[in-house]
Amino acid sequence: MASIVSLHDGVRDLVRDGDVVAMEGFTHLIPFAAGHEIIRQGRRDLTLVRMTPDVIYDQLIGAGCARKLVFSWGGNPGVGSLHRFRDAVQNDWPVPLEIEEHSHAGMANRYVAGASGLPFAVLRGYTGTDLVRHTENIKTVTCPFTGEVLTAVPPVNPDVAIIHAQRADRSGTVQMWGITGVQKEAVLAAKRSLVTVEEIVDELTPVPGGVVLPSWVVTAVAEVPGGAAPSYAQGYYERDNDAYKAWDAVGRDRDTFTTWLSDTLGVGARA
Amino acid sequence: MTTAPETTEVTWTSDEMMSVAASRALGGVTACFVGIGLPSTAANLARRTHAPDLVLVYESGTLGSKPDGLPLSIGDGALAQTADAVVSVPEIFNYWLQPGRIDVGFLGAAQIDRYANINTTVIGTDYADPKVRLPGAGGAPEIAASCGEVIVVVRQSARSFVDRVDFVTSVGYGRGKGDRERLGLCGRGPSRVITDKGILEPDPDTCELTLTSLHPGVTVREARESIGWDLRVSRDLVTTPPPTGEELTVLRGLTDPKGSK
């Protein structure tokens, strides 16, 4: 059964230095508040996994929390590039960032393999691309039935998966709806999971297209209203598009970013 | 804005011509896998003009989205709320894209080459030490491989149209005719590259991109000078029909809803 915890305690107990951490969300329900708490608690040497690293990963990378990024598309969605990510890859600032790069189809299948307890997933993908030459975790496998050569990718099994959902009940059963991306697979693939929710309610009423994660597959739930802002939470609030646009200028410059880090999260850049 | 009759002179920008030409390319298409940015603009324009039944598929997992305006991102809430179905990301790639259910993949590009290979990964030939780190692959490699055909929408510049891409993120025609078949890619590849100057199509014999249509007011010289290889011009070169008043009104309503009302 999931524990109901504060965000502070959830991050303190579940996220450790050196962990493989997957914070998922496909432009919807991005766990921003949890990411900020990781920065505040000064986690280091994380391997961050995410299909679509966006502004929150830019902030984690700029704050020096990560040593590696496993991803398939890194950008500020609808706005442009991630400048902290670029600075880390191109100039090793504030620390070098190793990257492992995939396609969306490959990453999605890696989570499926992780959730399924399998040693690899099979897909038609990556063929003829230069990703194959640079990412060791893309191999081929021959179909034992037809002889067709297909692509194989290993599972993602994060130490901890962190997602944001609309709500949970008091037992910690989680409910989310709208675009739910790969969050279910991320939680099921992970050793531990932390779910932040808009609200904890007495009873979950069914929602069309809703995804339910039973309490017994979730490690901890924290009630964090607004925890996905400036992304959106369908049924609760809209995306703050101005914040995404404003991030472009903040992330572009090291000093501006460092000031933001100090003013917003009360932490200094990595010493 | 006043609505000009068809007979009076209508003015438009080269970007508008590009979006209109791209939207027209979706005639007769059932389902289109839409990338964000220019492709999304063109696909939504098509659905609001000549292709009202066009099924828009976004990689965030929305099937049959019918947004009122342009989505802010590929996972905009309006895409989910107006969709026929919202599915998980593994499902959209495995069940819907991979088996070849989607007719057209609509992609943008940071770099594109003579054989329509696309790069959205790095500028510079040293992957470990790139000149510019770009966002990466996203859904594009498998969209380019598995859709029935691919349409690319990209503004022309010598920086983006290069003889060979620095990094093959998504395969067009590889090094030429026969490469897609050798690689076992299911879809037939890029059928059109639509730019702000004209339309390029693969030569039937070599698969090299060739200028087949010039947008009104653009010269062959202008179209060729922003291409990083010796662009061939089709013997059957035509002029793209200019945007109609309706196309422009709808497009401006999508891209600048406040300005057009």
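Just so it is clear, the model here is predicted, and its values are computed rather than measured. Chain naming here is simple, since letters A, B, ... match the order of the sequence lines and numbering starts at 1 in each.
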Task: Contacting region of A/Met51 [heavy-atom separation from chain B under 4.5 Å] - done: side chain
Task: Heavy-atom proximity to chain A below 4.5 Å, by part of B/Val132 - done: both
Open item on the list: So for A/Phe85, is it side chain, backbone, both, or neither that comes closer than 4.5 Å to the heavy atoms of chain B?
Closed with: side chain
Open item on the list: Quick check against the 3.5 Å criterion: does A/Arg86 have a side-chain atom that pairs as donor or acceptor with the backbone of B/Arg133?
Closed with: yes
- [ ] Examine whether an atom of A/Arg239 lies under 4.5 Å from a heavy atom of chain B, and if so say whether it belongs to the side chain, the backbone or both; otherwise answer neither.
- [x] side chain
- [ ] Taking the side chain as every heavy atom from C-beta outward, state whether B/Val171 and A/Thr129 have any atom pair closer than 4.5 Å.
- [x] yes
TODO: Let me know if A/Tyr111 has heavy atoms under 4.5 Å from chain B in its side chain, its backbone, both or neither.
DONE: neither
Task: Donor-acceptor under 3.5 Å (B/Gln98 side chain, A/Arg124 main chain) - done: yes
TODO: Could you look at A/Leu82 and say if it's the side chain, the backbone, both or neither that has a heavy atom under 4.5 Å from chain B?
DONE: neither
Task: Over all atoms of both residues, closest heavy-atom pair of B/Ala137 and A/Glu101 - done: N-OE2, 4.4 Å
Task: Heavy-atom pair of closest approach, residues A/Gln90 and B/Pro130 - done: CG-O, 4.0 Å
Open item on the list: When you compare the side chain of A/Tyr126 with that of B/Pro141, does any pair of heavy atoms fall below 4.5 Å?
Closed with: no
- [ ] Begin from the C-alpha positions of A/Lys184 and B/Ser88 and carry the test side-chain contact (heavy atoms from CB on, under 4.5 Å) through to its verdict.
- [x] CA-CA 9 Å; A/Lys184 177 180 180 175; B/Ser88 74; over 6 Å; no
TODO: For each of A/Glu148, A/His134, A/Gln234, A/Glu238, tally heavy-atom pairs with chain B at distances under 4.5 Å, and name the one with the top tally.
DONE: A/His134
Open item on the list: To check you understand the geometry: which heavy-atom pair defines the closest contact between A/Tyr232 and B/Asp76, and what is its length?
Closed with: OH-C, 3.4 Å
